[in-house]
Amino acid sequence: MAMAGSPGAKKGILERLDSGEVVVGDGSFLITLEKRGYVKAGLWTSEAVVEHPNAVRQLHMEFLRAGSNVMQTFTFSASEDKMESQWEAVNTAACDLAREVANKGDALVAGGICQTSLYKHHKDEARIKKLFRQQLEVFTRKNVDFLIAEYFEHAEEAVWAVEVLKEARKPVAATMCIGPEGDMHGITPGECAVKLVKAGASIVGVNCRFGPCTSLKTMRLMKEGLWAAGLKAHLMVQPLGFHMPDCGKGGFVDLPEYPFALEPRVATRWDIQKYAREAYNLGVRYIGGCCGFEPYHIRAIAEELAPERGFLPPSSDKHGSWGSGLNTHTKPWIRARARREYWENLLPASGRPFCPSLSKPDA
């Protein structure tokens, strides 16, 4: 199969999705850049775009080579309530970095906002919308291609975010960090999806907090809710790159391993190929990842859905399909692993005989 070609005239996000095209999102920034020494855990703010732009640029490039169609601005928690006087410089730099890399391939730039630190305390709609609007002004000035409201655990705040983003007259995607139990006020996934579409979102779904399997269960509930309400929207899923079947309603942040001991839970590339196929079969056409989703995970999505997309990503040039590169190995038992059946049926060991397979949430 051919590799992706050089960039030409780019179709917009809705033009791609309306035609049935698969859009591959990007992956982990906060968790990955924390491991690489560029982000500090705690507030998880994104000042690395100013302090270490080369690190952010490199990660964008890795996702582009792996097959991402979207370079999302690294603007998580980049609102004034969390970054004070730095917020504008961070949002501006993030847009410039995302655009620089997107221009090297067939990728779009998405300006991203997330939940604020204010909602849980006083639910001041006017003040919260002002924070969203400040970021939107930068995204509009930098002419991003579309907008994403992500990582919302309260449907009401997510609706406020969509209402503000719609002011820019660009396509809006909205994803919530919820599981099958719904948001923190007990609003079901189906009801959340309906609220977001009625607010103006053209693309809805979930991101972060939960692993691929749980996130797909939530996506099914969102899809059913939209169908029951007679509404249509494109579906988007960007889960964790970790296995999290033992999460409670709050997701992985409540597990004792969060955030510094999650490595034993990392999904394999083969797990992600399975996830990509299941998401596609569910009708999701915007498929990516969030925390823990490394570039090789994004490549796994692009490789699994290469028949539908019609090409492989550039980084597949160094990766044989289903381990086919192992055919050149000198040891026959390793050559025997160069087949799909081996990797699809493997039950990988953790190497930790005294550790449990599951944990109990702290909250």
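Keep in mind it's a predicted model, so treat the numbers as computed, not measured. Position 1 is the first residue of the sequence, and the numbers go up from there. Heavy atoms only: backbone and side chains are in, while hydrogens, waters and symmetry mates are out.
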Compare every heavy atom of [Y] with every heavy atom of [X], then report the nearest pair and how far apart it is.
X	Y	result
Val204	Met219	O-CE, 4.0 Å
Arg99	Val144	NH2-CA, 3.8 Å
Phe76	Ser46	O-OG, 3.2 Å
Ile178	Val206	O-CG1, 3.9 Å
Asp106	Lys10	OD1-CG, 3.7 Å

Lys/Arg N to Asp/Glu carboxylate O, [X] vs [Y], below 4.0 Å:
X	Y	result
Arg299	Glu294	no
Asp246	Lys360	no
Glu257	Arg352	no
Glu21	Lys11	yes

Under the rule for side-chain hydrogen bond (donor to acceptor under 3.5 Å, both in side chains), what residues qualify as partners of [X], not counting sequence neighbours?
X	answer
Thr268	Asp271
Thr214	none
Asp124	none
Ser117	Asp81

Would a distance-only check, ignoring hydrogens and angles, find a side-chain to backbone donor-acceptor pair under 3.5 Å from [X] to [Y]?
X	Y	answer
Lys142	Thr92	no
Gln86	Glu47	no
His297	Ala267	yes
Asp145	Val109	yes
Ser315	Arg65	yes
His329	Lys331	yes

Applying salt bridge (Lys or Arg N to Asp or Glu O under 4.0 Å), name anything that partners [X], two or more places apart in sequence or on another chain.
X	value
Asp362	none
Lys217	none
Lys35	Glu263
Arg339	none

Using the salt bridge (charged side-chain N to carboxylate O under 4.0 Å, His left out) rule, take Lys40 and Glu34 through it: C-alpha gap first, then chi angles, then the decisive distance, then the call.
-> CA-CA 6 Å; Lys40 188 173 183 178; Glu34 190 280 330; over 6 Å; no
If you measure only the distance, is there a donor-acceptor pair under 3.5 Å linking the side chains of [X] and [Y]?
X	Y	result
Glu80	Gln134	yes
Glu157	Thr116	yes
His319	Glu303	yes
Ser68	Asp26	no

Look at the aromatic rings of Trp270 and Trp322 and report parallel, tilted or perpendicular, splitting at 30° and 60°.
->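 Judged by the thresholds at 30° and 60°, the geometry between Trp270 and Trp322 is parallel.
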For the residue pair Tyr258 and Trp44, does the interplanar ring angle fall in the parallel (under 30°), tilted (30 to 60°) or perpendicular (over 60°) class?
->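 Tilted, since the angle between the ring planes falls between 30° and 60°.
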Provide the full list of side chain to side chain donor-acceptor pair (under 3.5 Å) pairs with a residue in residues 69-78, sequence neighbours left out, each pair given once.
->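 Listed once each, the pairs are Asn69-Arg309, Gln72-Glu150, Thr73-Thr75, Ser77-Lys82.
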Before giving the answer on side-chain contact (heavy atoms from CB on, under 4.5 Å), spell out for Met71 and Cys95 the whole-Å C-alpha distance, their side-chain angles and the decisive distance to 0.1 Å.
-> CA-CA 9 Å; Met71 297 293 107; Cys95 289; over 6 Å; no
Flag the pair Ile272 / Tyr296 as yes when at least one side-chain heavy-atom distance between them is below 4.5 Å, and no otherwise.
->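 With C-beta onward as the side chain, the pair stays apart.
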[atom2] on [Y] to [atom1] on [X], rounded to 0.5 Å:
X	Y	atom1	atom2	answer
Leu358	His243	CG	NE2	12.0 Å
Lys223	Leu216	NZ	CG	11.5 Å
Ser19	Arg285	OG	CZ	10.5 Å

Apply the test ring-ring contact (aromatic ring centres under 6.0 Å, His included) to residues His60 and Phe29: give CA-CA distance (whole Å), side-chain angles for both, the deciding distance (0.1 Å), then the verdict.
-> CA-CA 9 Å; His60 276 307; Phe29 273 78; 4.9 Å; yes
Let me see the working for Ile113 and Arg133 under side-chain contact (heavy atoms from CB on, under 4.5 Å), right down to the final yes or no.
-> CA-CA 10 Å; Ile113 63 173; Arg133 201 167 280 117; over 6 Å; no
Connected hydrophobic set around Ile203, excluding itself, where side chains approach under 4.5 Å |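 The other cluster members (ILVMFWY side chains, heavy atoms under 4.5 Å, direct or chained) are Ile13, Leu14, Leu17, Val23, Val70, Leu108, Phe146, Ile148, Met236, Tyr286.
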Audit row: Lys120, Glu153, salt bridge (charged side-chain N to carboxylate O under 4.0 Å, His left out) steps and yes/no | CA-CA 10 Å; Lys120 293 180 182 179; Glu153 56 188 352; 3.0 Å; yes
NZ/Lys274: more than 12 non-hydrogen atoms of other groups inside 6.0 Å =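 No, the 6.0 Å shell around NZ holds no more than 12 heavy atoms from other groups.
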Got more than 12 heavy atoms from elsewhere within 6.0 Å of CZ, Arg57?
->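 Yes - once you tally the heavy atoms of other residues, nucleotides and ligands closer than 6.0 Å, there are more than 12.
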On the six-membered ring of [Y], is [X] placed so that its NZ or CZ lies under 6.0 angstrom from the centre and within 45° of the ring axis?
X	Y	result
Arg209	Phe252	no
Arg277	Tyr280	yes
Lys123	Tyr119	yes

Could you go step by step and tell me if Tyr151 and Thr175 meet the side-chain contact (heavy atoms from CB on, under 4.5 Å) rule?
-> CA-CA 6 Å; Tyr151 198 80; Thr175 56; over 6 Å; no
Carefully, step by step, assess Glu125 and Glu163 under the rule side-chain contact (heavy atoms from CB on, under 4.5 Å).
-> CA-CA 11 Å; Glu125 179 179 356; Glu163 289 172 347; 4.2 Å; yes
Just jot down the ring pair (Phe, Tyr, Trp, His ring centres under 6.0 Å) partners of Trp227, sequence neighbours excluded, or say none.
->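 In terms of ring pair (Phe, Tyr, Trp, His ring centres under 6.0 Å), with neighbours along the sequence ignored, Trp227 is linked to no residue.
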Step by step, would you call Arg141 with Glu88 a salt bridge (charged side-chain N to carboxylate O under 4.0 Å, His left out)?
-> CA-CA 12 Å; Arg141 186 168 69 247; Glu88 186 170 10; 3.5 Å; yes
Determine which pairs satisfy salt bridge (charged side-chain N to carboxylate O under 4.0 Å, His left out) with at least one residue from residues 181-193, sequence neighbours left out, and list them in order.
->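 Non-adjacent pairs meeting salt bridge (charged side-chain N to carboxylate O under 4.0 Å, His left out): zero.
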